[in-house]
Amino acid sequence: MEWFVSNGFTVLAPDMIGVGEMGPGVFDRDAFIDSVSHNIWYASILIGRSIVGIRAGDVIRLTPFSSYQSIVMNHFYNSSFIPGVVPGALKAYNLPDLAASLAPRKLMMAGVTDGHGKNTDTENINKDHDIIKIAYQNK
């Protein structure tokens, strides 16, 4: 990640709940026993998911889809993408527009998927990439 930053790339790095910047911070005597937060465990029990399951769900949400349109245009879209969708976004912008706005800065996209969650070169992904390529060519 440091190589990308030092070479001019903007890097978005996830900070998982309960880890890193989203970690426990200053230990609270009531919430921590032996430097371990039991509140996270209690919360996981209340929602019926394990801590590992919650974090695995967060990791799955990091799988990028090429555009909001790729979800809208697919009747059987991957429903795990729903937490990352912004309501009404297509009226004002789409993800390729946001990526194109970074031009002429360096941009690397990895693991892009379509609305089904597949990363094969589909027509929708290619259309989305074309929007970005045109913006970069113009700048």
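Position 1 is the first residue of the sequence, and the numbers go up from there.
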How would you list, by chain and number, every residue that makes a ring-ring contact (aromatic ring centres under 6.0 Å, His included) with Tyr68, sequence neighbours excluded?
Phe65

Considering residues at least two apart in sequence or located in another chain, which fulfil the side-chain contact (heavy atoms from CB on, under 4.5 Å) criterion with Leu46?
none

N/O donor-acceptor pairs under 3.5 Å from side chains in residues 97-106, not counting sequence neighbours:
residue: Asp97; atom: OD2; partner: Asn94; partner atom: N; Å: 3.0
residue: Ser101; atom: OG; partner: Leu98; partner atom: O; Å: 2.6
residue: Arg105; atom: NE; partner: Leu102; partner atom: O; Å: 3.2
residue: Lys106; atom: NZ; partner: Asn7; partner atom: O; Å: 2.7

From Met1 atom CE to Trp3 atom CH2, the distance as rounded to the nearest 0.5 Å
14.0 Å

Tyr136 OH: over 12 foreign heavy atoms closer than 6.0 Å:
yes

Sequence neighbours excluded, the answer for ring-ring contact (aromatic ring centres under 6.0 Å, His included) partners of Phe4 is Phe9

pair Asn78-Lys118: side-chain heavy atoms closer than 4.5 Å
no

What I'd like to find out is whether the side chain of Leu95 reaches to under 4.5 Å of the side chain of Gln69, using heavy atoms alone.
no

Mind jotting down which residue pairs meet the salt bridge (charged side-chain N to carboxylate O under 4.0 Å, His left out) criterion with at least one end in residues 125-135? Sequence neighbours excluded, please.
Glu123-Lys127

Using a 3.5 Å cut-off and no angle test, enumerate the donor-acceptor pairs between side-chain atoms of residues 81-90 and protein atoms at least two apart in sequence or in another chain.
none

Between Pro96 and Ile132, the two heavy atoms sitting closest are O-CG1, 3.6 Å

Any side-chain heavy atom of Ser44 within less than 4.5 Å of one from Ser50?
no

Any chain of hydrophobic side-chain contacts (each under 4.5 Å) joining Leu107 to Ile125?
yes

Separation between CD1 of Ile71 and NE2 of His116, rounded to the nearest 0.5 Å
11.0 Å

